Structure formats: C-alpha cells, structure tokens
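Nothing here was measured: the structure is a model prediction, and the numbers come from that model. We use all heavy atoms of the structure for the numbers below, so side chains are in, but hydrogens, waters and symmetry mates are not.
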Amino acid sequence: MPKFHFEILERDGSVTEGEGDFASLDEAKIEAARMLTDVTADGLPCPPMNMVSIEILGESSEPLWEARLSYEEIDKAAIISAANNSD
C-alpha cells in the first residue's frame, strides 16, 4: 500500500504532520476530510490565517491534493453605509 503524508495547517497557524498507508489517494482524501473535521471541532479558523488546510503528499513528498476551509466575516452594515454615503 502506498504511504501518504499529511501536513495540517491548524487554526493557530501551526503545522502538524502525519502519515498513513492507504490503498489509494481517494482513501487518503477520506481520511484527510476526517482530520480536517477534527481540526475545526475546537472552533472556526482564526486570524491571521482565517483558514485551516490539509495537504496530502506522496511517498516522495510530492504535493498531490489539498483541502482548505476558510472563515470570512463580511460587515454588510459598513458596506451599505459606504454605499449610502457615496450618493
């Protein structure tokens, strides 16, 4: 079975590494999605990154796949106020 490496960008910007043997990249992606869920269980991504991600690397550390979850706040009141003030 191929060995896949994981690099997880945590909520606080730190990086955690892991690895596992999976029959295919698709199986490694399922595990990566589970890991990403675990990372966000403690809360939403926070500044300065405002995102968490997990990257799957192949046996030779070549990048194969990445998933990201990002958090963005939009101050709609400020947008409306700015639009009203520009008239």
Side-chain angles (χ1 to χ4, degrees):
M1 263 195 248
K3 183 177 293 289
F4 294 92
H5 302 274
F6 299 96
E7 288 188 358
I8 305 162
L9 178 62
E10 305 275 355
R11 294 176 55 239
D12 62 2
S14 64
V15 175
T16 303
E17 296 181 359
E19 62 181 43
D21 296 322
F22 298 94
S24 67
L25 178 58
D26 286 339
E27 286 189 17
K29 287 179 185 180
I30 292 168
E31 177 62 14
R34 187 197 62 73
M35 294 165 80
L36 202 53
T37 301
D38 290 347
V39 168
T40 57
D42 292 331
L44 295 170
C46 51
M49 299 296 293
N50 289 335
M51 72 165 212
V52 294
S53 71
I54 185 163
E55 186 172 14
I56 298 176
L57 308 170
E59 291 184 83
S60 301
S61 297
E62 71 278 11
L64 300 175
W65 182 86
E66 182 178 5
R68 294 180 183 178
L69 293 174
S70 62
Y71 176 74
E72 181 178 2
E73 292 183 5
I74 302 167
D75 187 349
K76 297 241 177 168
I79 294 169
I80 293 169
S81 177
N84 289 338
N85 290 334
S86 66
D87 292 334

Checklist entry - Taking atom types as modelled, is there a side-chain donor on S14 or D12 under 3.5 Å from an acceptor on the other? => result yes
Next on the checklist: Looking at every heavy atom in both A23 and M1, which two are closest together, and how far apart are they?
Outcome noted: N-SD, 3.6 Å
Item to check | Rounded distance (nearest 0.5 Å) linking atom CG of N85 with atom CD1 of I80 | outcome: 12.0 Å
Checklist entry - When rounded to the nearest 0.5 angstrom, what distance separates CD in E31 from CE in M35? => result 5.5 Å
Next on the checklist: Is the shortest side-chain heavy-atom distance between I8 and V52 below 4.5 Å?
Outcome noted: no
Checklist entry - Looking only at heavy atoms, which two atoms of R68 and M51 are closest? And how far apart? => result CD-SD, 3.8 Å
Checklist entry - Looking at L64 and F4, what are the two nearest heavy atoms and their distance? => result CD1-CE2, 3.7 Å
Checklist entry - What is the distance from atom CD of E10 to atom OG of S53, rounded to the nearest 0.5 Å? => result 9.5 Å
Checklist entry - Can you check side-chain contact (heavy atoms from CB on, under 4.5 Å) on H5 and E7, steps first, answer last? => result CA-CA 7 Å; H5 302 274; E7 288 188 358; over 6 Å; no
Checklist entry - Any donor and acceptor pair, going by atom type alone, linking the side chain of R11 with main-chain N or O of L44 inside 3.5 Å? => result yes
Checklist entry - Nearest heavy-atom pair of A32 and I56: which atoms, and what distance? => result CB-CD1, 4.0 Å
Checklist entry - Is there a path from I54 to V39 through hydrophobic residues (I, L, V, M, F, W, Y) whose side chains come within less than 4.5 Å of each other? => result yes
Checklist entry - Quick one: do L36 and Y71 end up in the same hydrophobic cluster if we chain Ile, Leu, Val, Met, Phe, Trp and Tyr together by side-chain heavy atoms under 4.5 Å apart? => result no
Checklist entry - What's the spacing between L57 CG and E66 CD if we round to 0.5 Å? => result 9.5 Å
Checklist entry - Would M49 end up clustered with F6 when hydrophobic side chains under 4.5 Å apart are linked, directly or stepwise? => result no
